[in-house]
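What follows is a set of notes on a single structure, which appears directly below.
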Amino acid sequence: MELRREGENLRLVGGAGQFALAETLDCGQAFRWRQGPEGRWEGAAGSRYLSLERQGEDILLLGLREEDRPFWEAYFDLGRDYAALAALFRKNPVMRRALDFCPGIRVLRQDPWETLCTFILSANNNIPRIKGIVERLCQGWGEPIPGSGFRAFPPPEALAPLSPEDLAPLRAGWRGEYILDAARRVAEGRLDLEAVARMPTPEARKALMEVRGVGVKVAQCVLLFGFGRTECVPVDVWMDRVLKKYYPRGMPRYLLPWAGIAQQTLFHWVRVAIPPGCW
């Protein structure tokens with residue numbers, strides 16, 4: 001895909017085939033994106049705001065400041081050849097069916113702290129409710145992002161001094177205490193996310209699971225979406241069904257380095273395309 005500067009915008013030439021906006025931004029891997037009435041998407045990541053829209057076969061990244069370009073290129077994983085990955089995935093008949101239904105899902109590379117918090121909030125929850133809690137968290141303790149109507153995701157230092165009672169307006173239930181534990185560990189240096197990024201995956205998973213409320217599934221989500229560990233597969237009820245039905249002996253070896261990317265397409269496919277009675 002070619003990135004072309006057009007005034008204040010950046011055009012992703014031919015990007016639509018490798019970047020399905022709705023399926024990528026609203027499939028349960030990030031919770032701060034929303035679609036407007038004209039099909040334009042807008043959202044925030046960390047302290048940055050962006051809006052995107054499809055124009056024919058291209059995608060326009062609107063109002064993108066040049067100094068923010070490396071951030072969004074990394075966030076949308078634009079340096080990875082998803083066309084080549086899709087060709088590899090299609091060697092597997094199950095992946096071929098999933099890709100025929102929902103091509104163009106990308107795995108976002110998000111901020112590790114934000115990812116840790118949002119997936120703690122995701123436990124035993126649904127996407128609309130998670131979005132509401134995350135929005136209230138940002139409105140309560142995030143700094144305004146100028147000209148956007150969005151607020152930044154609050155850093156751990158903003159949340160660490162709070163009490164569970166302070167977080168009651170989030171309506172997050174028991175998850176609020178887990179968020180505070182994560183914030184205090186990061187703010188105090190007991191959980192060094194930069195150090196986690198350098199650890200081998202098993203050690204990184206173990207370090208994350210020291211946070212209250214972080215089990216294997218949440219840790220896998222953080223490793224995949226926050227640290228770019230594409231070999232990590234979060235297994236919820238949907239992926240458990242997929243693995244048992246289609247991959248009882250595990251995914252093919254040639255998929256394993258990118259199994260996390262493959263699972264995002266499989267996850268969306270089984271949730272949307274396969275009726276419950278077909279399991």
Side-chain angles (χ1 to χ4, degrees), residues 21-53 61-64 68 71-72 75-76 106-184 186-187 193 211-214 218 221-222 224-226 234 236 264 267-268 271:
L21 290 178
E23 290 81 359
T24 296
L25 300 176
D26 201 29
C27 68
Q29 58 174 317
F31 305 100
R32 301 208 65 202
W33 294 94
R34 62 195 185 201
Q35 188 175 25
E38 297 180 357
R40 180 178 294 180
W41 286 85
E42 64 173 354
S47 60
R48 295 172 173 85
Y49 164 84
L50 187 67
S51 61
L52 308 92
E53 67 178 28
L61 287 68
L62 300 155
L64 189 149
D68 288 339
F71 174 86
W72 291 112
Y75 182 87
F76 294 123
R106 307 183 76 84
V107 168
L108 305 174
R109 179 67 184 272
Q110 303 173 60
D111 173 75
W113 161 245
E114 183 172 342
T115 310
L116 174 61
C117 283
T118 55
F119 279 95
I120 287 174
L121 293 171
S122 76
N124 298 314
N125 220 338
N126 59 65
I127 292 174
R129 190 163 183 270
I130 300 164
K131 286 186 173 185
I133 297 172
V134 171
E135 179 62 20
R136 291 189 289 274
L137 182 67
C138 295
Q139 289 296 323
W141 293 276
E143 294 294 323
I145 302 176
S148 71
F150 282 75
R151 286 180 176 263
F153 195 87
E157 294 77 14
L159 301 179
L162 303 179
S163 69
E165 291 72 25
D166 293 323
L167 294 187
L170 298 182
R171 302 193 294 278
W174 41 266
R175 302 171 191 86
E177 294 189 20
Y178 298 165
I179 291 294
L180 294 180
D181 183 61
R184 290 164 186 164
V186 175
L193 294 175
V211 179
R212 290 181 63 195
V214 176
V218 170
C221 288
V222 178
L224 175 61
F225 303 124
D236 66 349
Q264 198 61 31
F267 172 75
H268 182 73
R271 281 196 313 134

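Basis for what follows: all heavy atoms, side chains included, without hydrogens, waters or symmetry-related copies. Counting from 1, the numbers follow the sequence of the chain as shown.
One N or O on the side chain of Q110 and one on the backbone of Q29 form a donor-acceptor pair closer than 3.5 Å. Formation of a donor-acceptor pair under 3.5 Å by the W113 side chain with backbone atoms of A183 is not found in this model.
More than 12 heavy atoms of other residues, nucleotides or ligands sit less than 6.0 Å from atom CD of Q139.
Rounded to the nearest 0.5 Å, atoms CG (L137) and CG (L167) are 7.0 Å apart. How far CD1 of I145 is from CZ of F153: 12.0 Å, rounded to the nearest 0.5 Å. Summarising the geometry, atom CD belonging to E42 is positioned 10.5 Å from atom CG belonging to L62; distances are rounded to the nearest 0.5 Å. Expressed to the nearest 0.5 Å, how far CZ of F150 lies from OG of S51 amounts to 9.5 Å. Distance check: E114 CD to C138 SG gives 6.5 Å after rounding to the nearest 0.5 Å. In this structure, CG in D166 is found 10.0 Å from CG in L159, a value given to the nearest 0.5 Å.
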Output, in order, the C-alpha distance, side-chain angles, deciding distance and verdict of side-chain contact (heavy atoms from CB on, under 4.5 Å) for R212 and W174.
CA-CA 11 Å; R212 290 181 63 195; W174 41 266; over 6 Å; no

Determine, stepwise, if the pair Y75 / D68 fulfils side-chain contact (heavy atoms from CB on, under 4.5 Å).
CA-CA 11 Å; Y75 182 87; D68 288 339; over 6 Å; no

Stepwise ring-ring contact (aromatic ring centres under 6.0 Å, His included) check, F31 with F119
CA-CA 10 Å; F31 305 100; F119 279 95; 5.5 Å; yes

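At a threshold of 4.5 Å between non-hydrogen side-chain atoms, the residues L162 and I179 do not count as touching. Residues W33 and L52 have side chains in contact (heavy-atom distance under 4.5 Å, counting atoms from C-beta outward). In this structure, the side chains of P234 and F267 stay at 4.5 Å or more apart for every pair of heavy atoms. Two residues are said to be in side-chain contact when any heavy atoms from C-beta on lie closer than 4.5 Å; R32 and E135 meet this criterion. Inter-residue side-chain proximity for T24 and F76 is flagged as unmet; no heavy-atom pair is nearer than 4.5 Å. Between W41 and Q35 there is a side-chain heavy-atom pair separated by less than 4.5 Å. Side-chain contact check for F225 versus Q264: some heavy-atom pair is nearer than 4.5 Å.
Summarising the geometry of G226 relative to P112, their closest heavy-atom pair is O-CG, 3.3 Å, with the distance given to 0.1 Å. Taking every heavy atom of both residues into account, G213 and V218 meet most closely at O-CG2, 4.3 Å. Of all heavy-atom pairs between A172 and R175, the closest is O-NH1, 3.0 Å. The two residues A30 and L108 make their nearest non-hydrogen contact at CB-CD1, 3.8 Å. Taking both residues in full, the closest heavy atoms of G142 and R151 are given as O-NH1, 2.8 Å, listed atom of the first, atom of the second, then distance. Pairing each heavy atom of R271 with each of C27, the nearest pair is NH2-O, 3.8 Å.
For residues 116-130, every residue pair satisfying the side chain to side chain donor-acceptor pair (under 3.5 Å) rule, not counting sequence neighbours, is listed here: N125-R129.
D111 has no carboxylate O lying under 4.0 Å from a charged side-chain N of R48, or vice versa, which leaves the two without a salt bridge.
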